[in-house]
2 protein chains.
Amino acid sequence: MGVAEVNSPLQEPHQSLAERLFLTLRAEIVEGKIPSGSKISEPELARRFNASRGSLREALMRLESLGLLERRVNVGARVVKLSERGLLELYELREALEGMACRLAAEQRSEEDLLDLRQMLSRHEQQEELQAGKAYFQPEGDFDFHFRIVQASKNDLLIDTLCNRLYYRVRMYRYQLGMASPRAQRAFREHSHIIEAIEAGDGELAELLMRRHIRASRQNIENKLR
Amino acid sequence: MGVAEVNSPLQEPHQSLAERLFLTLRAEIVEGKIPSGSKISEPELARRFNASRGSLREALMRLESLGLLERRVNVGARVVKLSERGLLELYELREALEGMACRLAAEQRSEEDLLDLRQMLSRHEQQEELQAGKAYFQPEGDFDFHFRIVQASKNDLLIDTLCNRLYYRVRMYRYQLGMASPRAQRAFREHSHIIEAIEAGDGELAELLMRRHIRASRQNIENKLR
DNA sequence: ATTTCTAATATTGTCGACAATTTTTAAGTT
DNA sequence: AACTTAAAAATTGTCGACAATATTAGAAAT
């Protein structure tokens, strides 16, 4: 059989080869190991993974549906190119969608999620104090925050759209434009206020604060780009 | 050009077989010719279209990424099941995204789009008067409206998310739950106000009106479901 | 040297066959 | 009859080969 050993994600027993290729390639694209804008050669990649072109193509199509690849008929696939415009569009969607996620989370007010959010916040607070200002681990902590809020919305379509379709591109921009946000303390305060609004069941406020938070984050990134 | 290319497989010269299968199957699923919840048999469909399973599978994967199919490894694909919850989630996303689209359209205020929107509105007004109350063609007119607003946002990611990823599911619900909206006049007035806000460059108001419009539309549908 | 056309090369699209897995059928036991 | 178990059938996953298309290389002409 086509043994296709993929190094990192080799845990779940019954997932398909195409799925493992997909996960591996997704990581490499996000991290820039496969450069943004570069052409994808099906024969070359298939050889590299000891897989057939068929299985590889399935992985490529899934990457396309994530917006990480662009395919053209009879021409092939390229890794999506990063651009300031692309980043802006991404953040405009995040503003709308995560704002809605906040509103829904506040309307749900599930005890379990509330507790979860509180615990996360105090974990982050400790890291804050530890690293005072340097905010080294902030990117991951930030993802943690946004990820959990979205989960708390309980809207599966919203969760899928953000966590699968959008966040990998956000990660890609962060990795490759290398942003260790200097607004850690401020971001933490904003996170804190958002969670308070959710706890209070004030969906309107929670949405407003989240939108403001994402807008600020976007402007911060845009400033950095010059 | 609008929404017209929905039901037309088999003309463009250089598109792949998989693409044509995709378009055909998409239409059949949306219209319920392939019933919601039913199992997809790859061999059977491949025979029906005189295509290989490979090409068919590519089409199926694209349908999956549209959220019209659900695939499970080693088991196969099923057409997505319609549910009240699914419809609610869809409309919550629309509220957030089309609200944003309105805001962006108002910030752009492209002369061309503005003119376009005005013309569309007066076309709809005439149909309104003609069919006074019966609102036969309303579903298509309504799609026309939302479609053009989204285009006017100039955010490609937003456009793709709504027009490709979400609208086909909306259409599917409309077709199969068969809704000839009785709120035609009211919807027309709301459309009218939204476009006025966009013309005035008032993004905040445009967003608010669109969100209210979609919420009302959702509640109207939900009432019908009982 | 630059451009245009043509031939060679490489890449993508499509197919049919085989392997791995699941689902169905049937037999056997309590 | 209901429940397990085992064999059979059908379905999905994977592969290698061929056809259609695009890209590259090279020759001819200006």
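Proteins get letters first, then strands, A, B, ... in listed order; numbering begins at 1 in each. Below, each value reflects all heavy atoms present in this structure, side chains not excepted, and no hydrogens, waters or symmetry copies.
Here the CG atom belonging to B/Leu68 is positioned 9.5 Å from the OH atom belonging to B/Tyr168, to the nearest 0.5 angstrom. For the atom pair A/His146 NE2 and A/Asp142 CG, the distance stands at 4.0 Å (nearest 0.5 Å).
Between the A/Thr161 side chain and the A/Leu157 main chain, a donor and an acceptor come within less than 3.5 Å of each other.
Rounded to an integer number of Å, the gap from CZ of A/Arg78 to C1' of D/dT23 is 12 Å. The interatomic distance linking B/Arg20 (CZ) with D/dA20 (P) rounds to 14 Å, in whole Å. Between the CZ atom of B/Phe49 and the P atom of C/dT14 there is a distance of 14 Å, rounded to whole Å. For the pair A/Glu58 CD and C/dT14 P, the interatomic distance rounds to 16 Å; values are reported in whole Å. One atom, CD of B/Glu19, and another, C1' of C/dG13, lie 13 Å apart when rounded to the nearest Å.
The minimum heavy-atom distance linking B/Lys39 with B/Gly76 is given by the pair NZ-CA, 4.3 Å. Minimum heavy-atom separation, B/Gln15 to B/Glu19: OE1-CG, 3.5 Å.
Considering only side-chain N and O atoms, B/Ser52 lies nowhere under 4.0 angstrom from the phosphate OP1 or OP2 of C/dT14.
Near DNA chain D, meaning a heavy atom under 4.0 Å from it, residues 59-67 of chain A has no residue at all.
A salt bridge does not link A/Glu70 to A/Lys81: none of the charged side-chain nitrogens sits closer than 4.0 Å to a carboxylate oxygen.
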Study note, to complete from the structure: Under a 4.0 Å heavy-atom criterion, the protein footprint on nucleotides 7-12 of chain C, written with B, S and -, is ----SB
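For B/Arg148 and B/Phe143, the positive end is not near the middle of the six-membered ring at less than 6.0 Å and at most 45° from its axis. Geometric assessment of A/Arg215 against the ring of A/Tyr91 yields a negative cation-pi assignment under the 6.0 Å and 45° thresholds.
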